[in-house]
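The structure appears right after this line, and notes come after that.
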Number of protein chains: 2
Amino acid sequence: MKTKQADQSRSTILQSAFCEIHRKGYQAASIANILHDTGLTKGALYHHFPTKQSLGIAVVDEIIGERLAKLLFEPIRQSERPIDALLHLISHIDKQVPADFVMLGCPLNNLMQEMSALNPEFKSSLNGILKQWRDTIEWALVTGQKQNDIRSDVDAKSAALFIVSAWEGCIGIAKNMQSNSAFKSCMKQLHGYLAGLRTD
Amino acid sequence: MKTKQADQSRSTILQSAFCEIHRKGYQAASIANILHDTGLTKGALYHHFPTKQSLGIAVVDEIIGERLAKLLFEPIRQSERPIDALLHLISHIDKQVPADFVMLGCPLNNLMQEMSALNPEFKSSLNGILKQWRDTIEWALVTGQKQNDIRSDVDAKSAALFIVSAWEGCIGIAKNMQSNSAFKSCMKQLHGYLAGLRTD
DNA sequence: ACACATCCATACCGGTCGGTATATATTCTG
DNA sequence: CAGAATATATACCGACCGGTATGGATGTGT
C-alpha cells in the first residue's frame, strides 16, 4: 500500500497550517501562504480537506490536542504523585516548549479567544481539549487529597478551572508583553497558589 | 463653532468600530460593516481616520482605555482601603459590565491576543493600558502593606502581574466555555488568592 | 456675499481571499 | 498490463477587502 505519499502530503499541509495559524490566527491565515512553504498546491489541499474550516479543526484536533496531551496530560496521569508532577510542570514548562511559544502565545488559547464566540465547531473541538486539561488537573487534586497532600477543603473542580485559567492568562499576558521573564514570574505565582493548597 | 456634527460622526464611527472589533476581532472587522450601522460612508470614515489601523488604535485608546479606567482604575485609586475596593471589584465585576462581555471576552485581552505579536503600534497602546492596570493593583498592594492589611513578604509587583493575568485568564476561559457561572467560579478563586495575601 | 476650509457621499481600483472545474499524474486492483 | 480510483497541478471565478479620487454640500471667517 503506497498511500504513504498521500499521508505525507496531508501531514505536511497540516503542519504548515499549524504554523501559519499560530502566527497569524485562523482567520488571517492564508491558504496560499500555507501552501507556499510546502511546495504543494490547492489541488492537494482541497483533496485532503474540503474547506478551510475543516483544515483548521484538523489542526486543533490532530496537532494542538496531541501536543498538549503529550506535554501535559500524560505526564500528570502517569505520575504516582500527580501534584508533584503538576508543580514540576508549572515550574519548568518554559524549558519544554519551543522558544517562540511565549512570543506567539498558546495555540489553544489563541484559537479559543479568536474562534469560540464565532464558530460553534471550533468551540466544541477547543472545548474538548480544555475539558481534558481541567479534568486532568482536577484528578490530580483529588488524588492529592487522597494522598493527604492537598487539603480536604479544597474544591478540586473550581481550583482546576482556576489553575487552567491562570495558566492561560500568564501565557497571554507574557505574549502581550513579549517577555519571557514576565512569563516565568507569573508562573511562579501560580506555583505559589497551588503550593498553598497543600496540607501544612 | 459647529464642529459638533463632525465630532458626533467621529464618535459614532468609533463606537460602531468598537462593537464590530469586539465581535469579530480587528483583522476580521470590516470597514463596510462598521459603516453600515452608522448610516455614514467611507468618505466620513477616511476623513477622520487615515487608515483602518488608526481607527483600531483610536478604539483602543479612546474607548477601551477609558472604560477600564472608569470601571477599575479609578475606583481603586480613589478608595481609602484599595484592597477592599479590589476585592469588591473581583467579587462583583460581573454585575458592572454588559451581559455579553463574558460571551465576547474582554476587549483588551481579545486585541492583545490577536495583535500584540503582529503589530507594534497596537502592542504599545495595549501595553500602556495593561501597565496602568498592573500599576494600579501594585499600588493597591503596597498601600495595603502600609495599612498592615497585606503581608509584608508579598512581592507586590509579581502579585499584581499574576492577578491581572489570572483575571484575563478567567474571562478568556469563561468566554470559551460561554459560561457566566464558570466566570464567577473562577473569579471567586482569584478572590481567594488575593485574600490569602492578607495578614492573618 | 465671497472665498475657503471642513466634512462627507459616490464611484471606482488593484489585490487577495476561499473555493471550483478540469485535466493530468500516480497508485491500487483485477 | 488494463482500468479504476486516488492524488495533485493549473487556471479561473466571484466576492470582498482596504484605500483613493473626485465632487458636492455645509458651514466659517472676513
Which nucleotide, C:dC17, D:dA9, D:dC17, lies nearest any side-chain atom of A:Leu40? D:dA9
Counting only side-chain heavy atoms from C-beta out, which of C:dA9, C:dG18, D:dA9 sits nearest to A:Ala44?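 Nucleotide nearest to A:Ala44's side chain: D:dA9.
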Output the rounded distance in Å from [atom1] ([X]) to [atom2] ([N]).
{"X": "A:Lys52", "N": "C:dC17", "atom1": "NZ", "atom2": "C1'", "result": "8 Å"}
{"X": "A:Asn119", "N": "C:dG18", "atom1": "CG", "atom2": "P", "result": "15 Å"}
{"X": "A:Gln27", "N": "D:dC16", "atom1": "CD", "atom2": "C1'", "result": "14 Å"}
{"X": "A:Phe49", "N": "C:dG18", "atom1": "CZ", "atom2": "P", "result": "15 Å"}
{"X": "B:Leu45", "N": "D:dC17", "atom1": "CG", "atom2": "P", "result": "13 Å"}
{"X": "B:Leu55", "N": "D:dC17", "atom1": "CG", "atom2": "C1'", "result": "15 Å"}
{"X": "A:Tyr46", "N": "D:dA11", "atom1": "OH", "atom2": "C1'", "result": "15 Å"}
{"X": "A:Ile31", "N": "D:dT10", "atom1": "CD1", "atom2": "C1'", "result": "17 Å"}

Would you say the side chain of B:Lys42 and the base of D:dG19 hold a donor-acceptor pair, judged only by whether the two atoms sit under 3.5 Å apart? yes
When we call it a touch if two heavy atoms are under 4.0 Å apart, what does B:Ala28 touch: a base, just sugar-phosphate, or nothing? nothing
State whether [X] places a side-chain N or O below 4.0 Å from either non-bridging phosphate oxygen (OP1 or OP2) of [N].
{"X": "A:His48", "N": "D:dT8", "value": "yes"}
{"X": "A:His47", "N": "D:dT8", "value": "no"}
{"X": "B:Thr41", "N": "C:dC8", "value": "no"}
{"X": "A:Ser9", "N": "D:dT8", "value": "yes"}

Closer than 4.0 angstrom, basic N to acidic O: yes or no for A:Glu62 and A:Arg10?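 Yes, this pair counts.
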Just checking, is any N or O donor in the side chain of A:Lys175 or A:Asn110 under 3.5 Å from an acceptor N or O on the other one? yes
Do B:Asp149 and B:Gln145 have a side chain donor and acceptor closer than 3.5 Å? no
Using the ring centroid of each side chain, check whether B:Tyr26 and B:Phe122 are separated by less than 6.0 Å.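 Aromatic pair counts; centres sit under 6.0 Å.
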Find out whether the Lys NZ or Arg CZ of B:Lys188 is both under 6.0 angstrom from the six-membered ring centre of B:Phe183 and within 45° of the ring's axis. no
Nearest-nucleotide check on DNA chain C, A:Ala32 vs A:Pro50; residue mapping nearer the 5' end is A:Ala32
